[in-house]
Structure formats: structure tokens, C-alpha cells
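Since the structure comes first, as C-alpha cells, the remarks are kept for the end.
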Amino acid sequence: EAAVMTLCAKINGLFCEYSTPRILVVKSWKIGLIYRIYQYIVLVYILWYVAWRGGHQDTDTVVSSVTSKVKGIALTNTSGLGEQVWDVADYIVPPQVEDDSFFLMTNMIITPNQTQSKCAEYPTRKSICTSDMNCTKGFKDAQGNGVQTGRCVHYSDSVKTCEVLGWCPMEKKDDPPNPALLADAENFTIFIKNNIQFAKFEFNKRNILPNMSSSYLATCVFNRNTNPNCPIFRIKDIFEETQEDFQTVAVYGGVMAVQIQWDCDLDKDLCVPQYSFRRLDKKDPKSSETPVHNLRFAKYYKNSDGKDSRTLIKGYGIRFDILVYGEATKYSHIKTILSVGALLSFLRVVSTFSKDRNRIIKVYTTNANLFFK
């Protein structure tokens, strides 16, 4: 029976009673000053974080789609091809570019009139021979240019190599022309179209701003000071911003990044892209190797005998990667309540310690009062 009464008393106390902290007024200018300074610091922090640093705003990261278009004409005059005009269909390889990158050819080594026939392999450790015994019929070197026929033939007056069946004559192992053949590419322009979305806020925008007319886009070129929002970029200007020399890079090729930064405050209707540029394949100061970016492609046709022929081009050029970053902020009731609640919790407790006759008094704050346990 006593146990039942005790249990009932506990249940009654649980639902029908509540306790309050004991209030103590501490008349100490030191403790009071410390408390007020603490309150001031917390108040300033609340105003700074919530009102200035966006503690009342929710955030979302950008989702992006990019397309690009290059325009420009170049003229070359080589022993292999003679005088030739190059347009976008010739120097953008492949013509169907990726959404966020493309390869602009600036230099090349041309091997014209190749046909499927037999010829001497380029001299390497595996292809140099002295007799047919050194060549294996059907052998395919992954680094070679064809399938060995089993014969050892003259590559030059002093060197013999294994004969191969493949595209002949072989590509020359020469350094690319210097200066670059497509030196005029520095005056080409890149038109970048960037569509973005902040899905959380159902917000969409593109870098072609509402005030940009078709006549404006037909003439504008990006300039950091006078035209910072134009989405058309001259290649020479991109390299100058990165303190790189286009003509030097054009010889062996390289990798350049076009960075588009979207930092949007949707409450203030501020959402304009910021453009920057960076070379991604900078040479390691500790390495003597020159950065090289190249690829091979061929143009096929039939010769006068009806045989398949091709012109092989080893193209050196610049890969442009378009990188899009961004974050949007917008007012949120929930974020505001959580931020203010978390920050006001700092006002709930402040511990100051004073030593008086070896006693430590722990002081707690609640609103503008002090209490202790």
C-alpha cells in the first residue's frame, strides 16, 4: 500500500507540479560587466550571422547545361596541302563537340595520300632489323603502324626495318611547325551559352541576359572592364588574362578552363555570371617535359584508281573545358527560426567563475536575469 501511495505521489508530481529556478541578484560590477559584454557579443554575432551572412536564407547548388560555338577563318600554305582556308568544320575536332568542352586545332603534321599498301616501318627498337629472321609475319606492335609481313627492307640507305602492311607512306616523326600553322586562331571567338537551374527554388536563368539583343550579341566581345557580361570571348583575350602567350601554347597545344561562377541572392534579384580563366596543364617547374595536347584524325577519299586513300592529320591544339559553379540563397522561414533559435541558445547560459574562499560559483543567464545552482 505504501508503494502504491509513493507511485501515485510521483505520478501526481509529474503532471501537476513544475519547478522554477531560484533567482539570485549578484551585486558585483565584475560579473555584471562580463555578462553585459557577453550579451553584446552574442547580439552582434546574431545580427552579423542572421542579417548579414545569410543565416536566414536557404541555399541550393547550380545545375548547368553548356553549349559553345567557335567562329573564325584561318589561311595556311603547306607543302602537303598547298594553300588552304580553314573554317570551323576543319579546326574543331570532332565537329560534334561535347557539351562542356571542345578541341581547337592550332597546329598539325600532315601526311597526305596514304593508301593501304606495304612499306618500311618507322625505326624503333622492335622494328629495326638486319635480315628477314628478325621480322615475324603477322606480328602487330601496339606502338607500330601496321602488321609485319616478315620481310626486312630498307627504311633509308643506312637503316633497315621490318616491312608492314598498313597505311603508307608512314607518318613522319617530326616536331610540329613553329610558329603554329593556325596562328590566326588567336582572333577566333567562342560563343558560350549557359543555362542554369536552382531546382529547390524553381529558378532558371541563362548567361544571355534579358537586355542582350541580337544586334548586341552580333558585335560584343567580352572585356573585363568595359563588357564583363558579354558571352562571346576572343581566344587571345582569354590567354592574356591567364598571362599565357597563345602563340607559344599553340605549337604543342594545351588545356584551358573557362570558369562561370553563379553566386545568386534571389531575395535581392542578384544573379549574374562571373567569368574567369585558368590554364589547367601548366608545366611542372621540376620537369623538363613540354606539355603536349594532340590527336589524330583522317580525311578519306578515293584516288584516280578507285582505291581508298586518306590524308592523315596529327593535330595539336587547345582543349577548352567550360566549368560552371554556383550557389543560390533565398529567404526561408524554417532556416530563420532554426538559426535564430540556435543563436539565442547562447544567451541561455554563461558561466563565469570567481574564486571566493575556494568556492566556485556557476552563474547561469536566463533573459536578463542571473540564477545559480
Side-chain angles (χ1 to χ4, degrees), residues 54 57-72 87-105 185-242 254-281 293 317-332 335:
Q57 293 177 312
D58 201 358
T59 61
D60 191 21
T61 55
V62 70
V63 178
S64 170
S65 173
V66 174
T67 58
S68 58
K69 182 185 295 184
V70 181
K71 290 187 176 181
D87 62 17
V88 65
D90 299 312
Y91 54 69
I92 297 297
V93 185
Q96 182 61 45
V97 298
E98 302 174 31
D99 285 345
D100 55 359
S101 66
F102 61 90
F103 179 82
L104 171 65
M105 187 170 63
E186 68 178 8
N187 294 314
F188 293 175
T189 59
I190 309 170
F191 184 10
I192 298 176
K193 299 179 182 180
N194 179 209
N195 293 275
I196 64 159
Q197 181 183 77
F198 294 104
K200 184 184 293 187
F201 305 131
E202 299 182 354
F203 179 84
N204 299 276
K205 196 165 186 178
R206 59 179 185 163
N207 64 331
I208 302 176
L209 303 179
N211 62 336
M212 294 181 179
S213 64
S214 57
S215 59
Y216 169 80
L217 293 174
T219 58
C220 81
V221 176
F222 174 86
N223 182 282
R224 178 70 60 191
N225 299 315
T226 61
N227 217 350
N229 295 324
C230 178
I232 301 175
F233 308 88
R234 192 167 69 123
I235 290 177
K236 183 178 181 180
D237 297 336
I238 292 175
F239 275 78
E240 287 179 350
E241 282 223 8
T242 61
V255 183
M256 182 68 69
V258 179
Q259 300 175 123
I260 307 177
Q261 183 75 35
W262 293 86
D263 291 324
C264 301
D265 189 337
L266 303 186
D267 294 327
K268 300 178 181 178
D269 196 25
L270 296 177
C271 194
V272 177
Q274 302 293 323
Y275 301 101
S276 60
F277 315 98
R278 177 181 299 177
R279 186 176 178 186
L280 299 180
D281 67 328
H293 195 73
I318 301 161
R319 176 187 172 95
F320 286 88
D321 291 327
I322 304 170
L323 310 177
V324 182
Y325 310 90
E327 183 179 78
T329 57
K330 190 175 183 180
Y331 175 77
S332 168
K335 191 68 180 292

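Side chains are part of it too, since the values below use all heavy atoms of this structure and drop only hydrogens, waters and symmetry mates. Note that the structure is predicted; figures quoted are calculated from it, not measured.
The shortest distance between side-chain heavy atoms of Q274 and D263 does not fall below 4.5 Å. Taking 4.5 Å as the limit, some side-chain heavy atom of N229 sits within range of a side-chain heavy atom of L209. In this structure, F198 and C264 have side chains that are in contact, with non-hydrogen atoms separated by less than 4.5 Å. Within the 4.5 Å cutoff, no side-chain heavy atoms of K330 are placed close to those of D58. Using a 4.5 Å cut-off on side-chain heavy atoms (C-beta onward), F103 and I92 make no contact. Between V63 and I196, the closest side-chain pair of non-hydrogen atoms is not below 4.5 Å.
Heavy atoms only, all atoms of each residue included: D265 and T329 are closest at CA-OG1, 3.7 Å. Between C220 and N227, the shortest heavy-atom distance links the atoms CB-ND2, 3.5 Å. The heavy-atom pair separating R279 from G254 by the smallest distance is NH2-CA, 4.4 Å. The shortest heavy-atom contact between V324 and W262 is CG1-CD1, 3.9 Å. Across all non-hydrogen atoms, the minimal contact from I235 to A185 is CD1-O, 3.6 Å. Considering every non-hydrogen atom in both S101 and R319, the closest pair reads OG-NH2, 3.2 Å.
Between the side chains of S276 and Q259, at least one donor N or O sits under 3.5 Å from an acceptor N or O. For the residue pair R278 / T242, no side-chain donor-acceptor distance below 3.5 Å is found, with atom types taken as modelled.
The number of heavy atoms from other shown groups lying within 6.0 Å of CG (N211) is above 12. Within 6.0 Å of NZ in K193 there are 12 or fewer heavy atoms belonging to other residues, nucleotides or ligands.
The CE atom of M105 lies 12.5 Å from the NE2 atom of H293; values are rounded to the nearest 0.5 Å. The CD atom of Q197 sits 15.0 Å away from the CZ atom of R206 when rounded to the nearest 0.5 Å. Considering CD1 of I322 and CE of M256, their distance stands at 13.0 Å, rounded to 0.5 Å.
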List the steps, then state whether side-chain contact (heavy atoms from CB on, under 4.5 Å) holds for L323 with D100.
-> CA-CA 7 Å; L323 310 177; D100 55 359; 5.9 Å; no
Test log, rule side-chain contact (heavy atoms from CB on, under 4.5 Å), inputs Y325 and V62 = CA-CA 7 Å; Y325 310 90; V62 70; 5.6 Å; no
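Looking at D281, its side chain does come within 3.5 Å of a backbone N or O of V255 through a donor-acceptor pair. Side chain of D269 to main chain of L266: no donor-acceptor pair is present (N/O by atom type, distance under 3.5 Å, no hydrogens or angles). Looking only at distances, no side-chain donor or acceptor of T226 sits under 3.5 Å from a matching main-chain atom of N223. Between the side chain of N194 and the backbone N or O of I260 there is no donor-acceptor pair closer than 3.5 Å. The backbone N or O of I190 sits nowhere less than 3.5 Å from a side-chain atom of K69 that would complete a donor-acceptor pair. At distances below 3.5 Å, at least one donor-acceptor pair connects side-chain atoms of K205 with backbone N or O atoms of C271. Judged purely by atom type and a 3.5 angstrom limit, N204 has no side-chain atom pairing as donor or acceptor with the backbone of N195. In terms of modelled atom types and a separation under 3.5 Å, the side chain of D60 and the main chain of K200 share a donor-acceptor contact.
Listed by first and then second residue, the ring-ring contact (aromatic ring centres under 6.0 Å, His included) pairs involving residues 203-227 are F222-F233, F222-Y275, F222-F277 (not counting sequence neighbours). The salt bridge (charged side-chain N to carboxylate O under 4.0 Å, His left out) pairs that include a residue from residues 224-234 are R224-E241, R234-D237, where partners are two or more places apart or lie in different chains.
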